[in-house]
Colleague: 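Quick one: the structure is below, and I'll ask about it shortly.
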Amino acid sequence: MAAEKKHAAYICSGCGLGERLDIAALEAAAKKEGKMQVVKTHAFLCSAEGVAMIRNDIDNDGVTHVAICACSRRAKTEAFNFPTTAISRGNLREGVIWVRPDTDEARETTQEMAEDYVRMACAEVKAMTQPSGNPNTGMNKTLLVVGGGMSGMTSALEAAKAGYKVVLVEKTGALGGWAAKLYKRVPTREPFKAPQDNGVADLVAQIEADANIKVYLNSTLAKTAGAPGRFKVDIAMESGPTVTEDIGAIVQATGFSLYDANKLPHLGYGKSPHVVDQAGLEELARAANGGVMKRADGKEVKSVVFVQCAGQRDATGEHLSYCSGYCCNTSVKQAMYFKDANPDVDCVVLYTDLRTPGNGEDFYRSAQNKGVIFSKGVVSEVVPGGNACTVKFHDLILDDKAAQIEADLVVLATGVVPNSGVNIDAVPAAPAEATEGAAPVVEEKPISILNLDYRQGPDIPQFKFGFTDSHFICFPYETRRTAIYTAGPVRRPMDIAQAQEDATGAAMKAIQAMENAGLGKAAHPRAGDLSFPTARLEGCTQCKRCTVECPFGAIDEDEKRFPLFNESRCRRCGTCMGACPVRVISFENYSVNTVGAQIKAVNIPDEFSEKPRILILACENDAYPALDMAAMNRNEYSAFVRAIPVRCLGSVNTIWITDALNSGYDGVMLMGCKHGEEYQCHFVKGSELGRYRLSKVGDTLKNMNLEAERVFDLEVAITDIDTLPRKINDYAAKIQEIGMSPFKGF
Amino acid sequence: MSNANEQMAARYKNNFLKEIEEQAEMGEWVKMCMQCGVCSGSCPTNFHPGWDHPPQEIFMMIRAGKREEVLTSNSMWMCTSCYNCYVRCPRKLPITHIMHGIAEYAYRLGVAPKFQPTLHLSQTFWNNCTKTGRVNEVKLTQSLYFKDGFMAGIKKGLEMKDVALGLVKAKRLNIMEALGGGHKCKDIKGIQAMLAKAKELEAKRKAAKAAA
């Protein structure tokens, strides 16, 4: 970076800007208040000629900081790409002329809006420097896959095919996982009519033949330390030494366990050997190997009942409340084991809703054709008898509450529980009071899978029901630990076909993460971002808010208890920056100052002007694009708002709001993504943490004697193109109703 | 006839679904129902007042082995053959035909509900129309009106007399039909022979199935 700073503003008069705005006044604003050394206007700034003009000034005139006052920062990014130069964008097109009517009355306020955006762009660029990239990079490109089931093997093979080295760690003595226990699997190919080979042997052979894949059987992870691109993983083998591998990224494919059927005594499990779960039936099928199906006592099965949703979709809260997604297809398949061996076996599937995802519908129809009977009913009890069991159920179609069937064998579809390790967010239960004489309560402690050497805990954070957290809509394989991806049923209930697709996706994302880590760049959603957070430790009070709040576990503590940033783990959301009460955390191109300077750069008209000023802090992932798209549709909104994009609502420091209100803004609108159970925040926890922090703003308002409505938190989705302008206008009307802020002119 | 019923019941024991599949026309489709209920929801008769069970329930009852209830049900006889369910069934079950198939099977076994109006109409219509190869509308109406006794027939006739006179005026009804006149098929013997042959063939096919 050049030691000498030289600031330049470039104003575009194309796309109608020249006709709608007084460009000379904008130039004056950039020069006088923006204090730009160079101010130039071009009629078509994003053209080759316009870009060449900027390029020339950077190369030959020593310009180091550029404010481009043209269109939104989301437009023309390829044209305005100057990697060595700090750049800000004044949004005159989507932010001003496209959202304002082209009328004589509107001209004055529209011009004021444009001038403010020019001042803001100038102020922002002066407060920032061009990021130079994370220096603490790791160049390791080996993928670690944890778990050797269908998902794990698929991830390993896909990464190996793409040319990457893979270390595959499997806890048991053989690859294959659950799939290896299946006699056959649900079909994956046309015509989807009969069960097919489980496919494990083929994958195992491919793995054994692949020189890029190193397999550790009977092994677990003793410790995972480091960061993307430079993980050090200790692999503990059951018999033998602990080996340390250098790893670039990790795919966790640790799969699931069946829900424990022993928790369902009313369905006869454990009381009779003739009640089995789906795994138990696969064992019988493998023993029969295509011949007639026999029970544990060797008797040929003449009638079998499949009980769907056993311990699943349970409204009482006692058992699993969710649907495991694959069990209907599995029962269809298992019924075919019987029918294919002997069409005279009575097979009845008792279901409440038959859910057969993928091409399961064809498979289901094929089973009906083979004579499997599907009855809609809820099983209340399975009564084990000497030689047969009685299944009592409520027939939902005939509304027969006392329906019952006799069967030689009963199969329970119990569903999945993820193998996700330790729940690091679990609140430890209060220790049970020791009663004298009572046997000590043996607490079952989950065993950590990754044993992460992170301050935030040894495993991946979980979402609902123990499944690992991921952004379901946009980034399904991402977890809240950078470069560690989860795939398969550990992430959500799924079948083999879905798990393999998942595993492929996760492997590709992991490769991307390793490559980005090597270049010092961020992973998604700010993929390629070179900035990273730094802390001015002299000012740090060691409050630990940044380390606790970081949604991605990127911040540890050093031996002096100061925050220690692991840049490669960081996603650049800025939640730490928003959390810091003493404001010592910043990015080179995004800081308390870059936003603060923009807030201060806005011209605040006096109390009697009837021109309020409303600050919008808009999430750059959803709300800001929604504003841009509203502009593209020419959905007009108030000329009194000034929008500043923020990386995430979590990065909003309350000082910005206090400063804005102190300097005479009449209202502050915060636009962030939905949080909570159906969150849409790209940084998972960012909007939630930001909102929690901002909920405390009420005290500040009270101290300032201001109305509570002056700060307004709005949940915005990227699709709110039509509603957002209306909501802005409603808020502007409300502010005018409340009246102007008394803080103007101080 | 009820002998046939007992024989079949004994032969298929607990497997009524199999019985329907093998013996009733279109019965092999019953197992393919996925219980979505679109047929019941599409039925314009709305199942009142006379319906015992909508088609979806009939199919479920067959699978649940409720033999007696299904065969003696009036449901199959209440179908108006509008084909709404037929065109809407997502599984492409020929529901209208299945209902008729089951009805015919119940009739064949002699367990169909006695005095069921549809059954009565079907029988009367068949007898009437096969006689001359064309429907004798006056006689058909007569036999329907007088089904419940002489007085009831007179009453119904007086009720409908304006309609009848209108039809006569418009030459839509030939009074002569009451005396055996009216339109007839050209080759009555021929058509009767054809029908007899068809009946014989069908009886043979069904007997073979029943004996299998």
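Below, chain A is the first sequence line, B the second, and so on; all start at residue 1. Hydrogens, waters and symmetry mates are skipped; everything else that's a heavy atom, side chains included, is used.
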Colleague: Has B:F125 got more than 12 heavy atoms of other residues, nucleotides or ligands less than 6.0 Å from its CZ?
Modeller: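 Count not over threshold, so no.
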Colleague: Tell me, with the steps shown, if B:M61 and A:L398 meet side-chain contact (heavy atoms from CB on, under 4.5 Å).
Modeller: CA-CA 7 Å; B:M61 285 158 71; A:L398 307 179; 3.4 Å; yes
Colleague: Would you mind checking chain A against chain B for donor-acceptor pairs under 3.5 Å and listing them?
Modeller:
{"unit_1": "A:E361", "atom_1": "OE2", "unit_2": "B:R91", "atom_2": "NE", "d": "3.0"}
{"unit_1": "A:E361", "atom_1": "OE2", "unit_2": "B:R91", "atom_2": "NH2", "d": "2.9"}
{"unit_1": "A:Q368", "atom_1": "OE1", "unit_2": "B:R91", "atom_2": "NH1", "d": "2.2"}
{"unit_1": "A:Q368", "atom_1": "OE1", "unit_2": "B:R91", "atom_2": "NH2", "d": "3.3"}
{"unit_1": "A:Q368", "atom_1": "NE2", "unit_2": "B:K31", "atom_2": "O", "d": "3.1"}
{"unit_1": "A:Q368", "atom_1": "NE2", "unit_2": "B:M32", "atom_2": "O", "d": "3.4"}
{"unit_1": "A:Q368", "atom_1": "NE2", "unit_2": "B:C33", "atom_2": "O", "d": "2.8"}
{"unit_1": "A:F374", "atom_1": "O", "unit_2": "B:R63", "atom_2": "NH1", "d": "2.6"}

